[in-house]
Amino acid sequence: MLTVAIVVAGGRGRRMRTDQAKQYIELEGKSILQRSLEAVAAADLVDQIILVVPRGDVVFCRDTLVDRGNLDKMVRVAMGGKNRQESVAKGLAAIEKLGLLPDVVVVHDGVRPFVDPKLIDKSVRIAANFGGALVAVPVTDTIKVITDDGFIRQTPDRRWLFSAQTPQAFQYHTLVDAHRKAEADGFVGTDDCQLVERVGGQIVIVEGDERNIKITTPHDLLVARALLKGVRR
C-alpha cells in the first residue's frame, strides 16, 4: 500500500499578529512546520510527503526543511494556491505530476506539530478499508445554534458533536474526485471531509488527542510551549 501525505503550510500569521508566517515560528529550536513534518515522517505507513507552501517560500522550504531537515522520508515541495482547498488540490496535482498512484492520501495541517504518528497510521488503515478517516475530538462545551439576529434556535446534543482536526485520510481517487467536483461547482469547503461528504464518501471518526492543537494565535503558541515542557492544558 502506497501512502502520500500532503502537509499544507500556506498561512501568513494574521491571527498570530506577527510579520513572520506562523509555520516558521520556532519552538525550542525548531520551527512549527519542521516539527509537523517530523511527526508525519515518523508515521510508519507514510511513504512520501508533499509539502505545500506559498509561492515565495518554495526555495526556502526546500533548502532549510527538506535538504537540511534530516527527514527519513522523501519530501517534495509544491507551490500552494490562494486558499487551503486550492493548496490541497495543488498537492494532489503534484502527486499526479510525479507519476505516483497512492492508495491513500493523508492531509495534515503544517501547524499541528504535536500529532501522534500512531494516529496517522490508524487513519491510513481506516481510510484504506472504509474510504475516509477524520481525526476529531468530542466537543465538551455546550453548543448553541443561533438565528441570523442572534437568538438561540437550538442546542444540539453534544454526544454527536466532534471538533475536526487533522490528519484527514482518504482513498486517493475519492479525494481527487471530490476536489474535481468542488472545483466544477465553484464550491469552497472548510476542510477536505466536507468535499468528500458532498460526493457521498464514507468517513469514519478516529478519536484524536487534545494535544494535537492547531497553532494559529498567540494563545495557541503559549499552549504549544507549555506542551513542549510537558505541561498539559
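- Surrounding CG of Asp148 are at most 12 heavy atoms belonging to other residues, nucleotides or ligands under 6.0 Å away.
- Using a 4.0 Å cut-off between charged side-chain N and carboxylate O, Asp220 and Lys22 make no salt bridge.
- Within the 3.5 Å criterion, the main-chain N or O of Asp109 finds a donor-acceptor partner in the side chain of Thr166.
- Residue Val107 forms a side chain to side chain contact (heavy atoms under 4.5 Å, CB included) with just one option from Val88, Asp191, Val7, and that option is Val88.
- Under a 3.5 Å cut-off, the side chain of Gln85 and the backbone N or O of Phe187 do form a donor-acceptor pair.
- Judged by distance alone, with hydrogens and angles left aside, the side-chain atoms of Ser31 form no donor-acceptor pair with the main-chain N or O of Ile25 at under 3.5 Å.
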Next on the checklist: Please evaluate residues Arg225 and Leu27 with respect to the criterion side chain to side chain contact (heavy atoms under 4.5 Å, CB included), reporting the C-alpha separation (whole Å), side-chain torsions for both, the decisive distance (0.1 Å), and the verdict.
Outcome noted: CA-CA 7 Å; Arg225 286 171 175 153; Leu27 294 174; 3.7 Å; yes
Item to check | Verdict with supporting geometry, Asn212 and His108, side chain to side chain contact (heavy atoms under 4.5 Å, CB included) | outcome: CA-CA 11 Å; Asn212 183 23; His108 187 61; 4.3 Å; yes
Item to check | Arg158 and Asp141: CA distance, side-chain angles, deciding distance, salt bridge (charged side-chain N to carboxylate O under 4.0 Å, His left out) verdict | outcome: CA-CA 8 Å; Arg158 66 186 180 192; Asp141 293 326; over 6 Å; no
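- Hydrophobic clustering keeps Val124 apart from Leu100 (ILVMFWY residues linked when any side-chain heavy atoms are closer than 4.5 Å, directly or through intermediates).
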Checklist entry - What do the steps show when you test Lys144 against Thr155 for side chain to side chain contact (heavy atoms under 4.5 Å, CB included), and what is the final call? => result CA-CA 5 Å; Lys144 302 294 184 181; Thr155 303; 2.9 Å; yes
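- Here the side chain of Asp47 pairs no donor or acceptor atom with the backbone of Val4 at under 3.5 angstrom.
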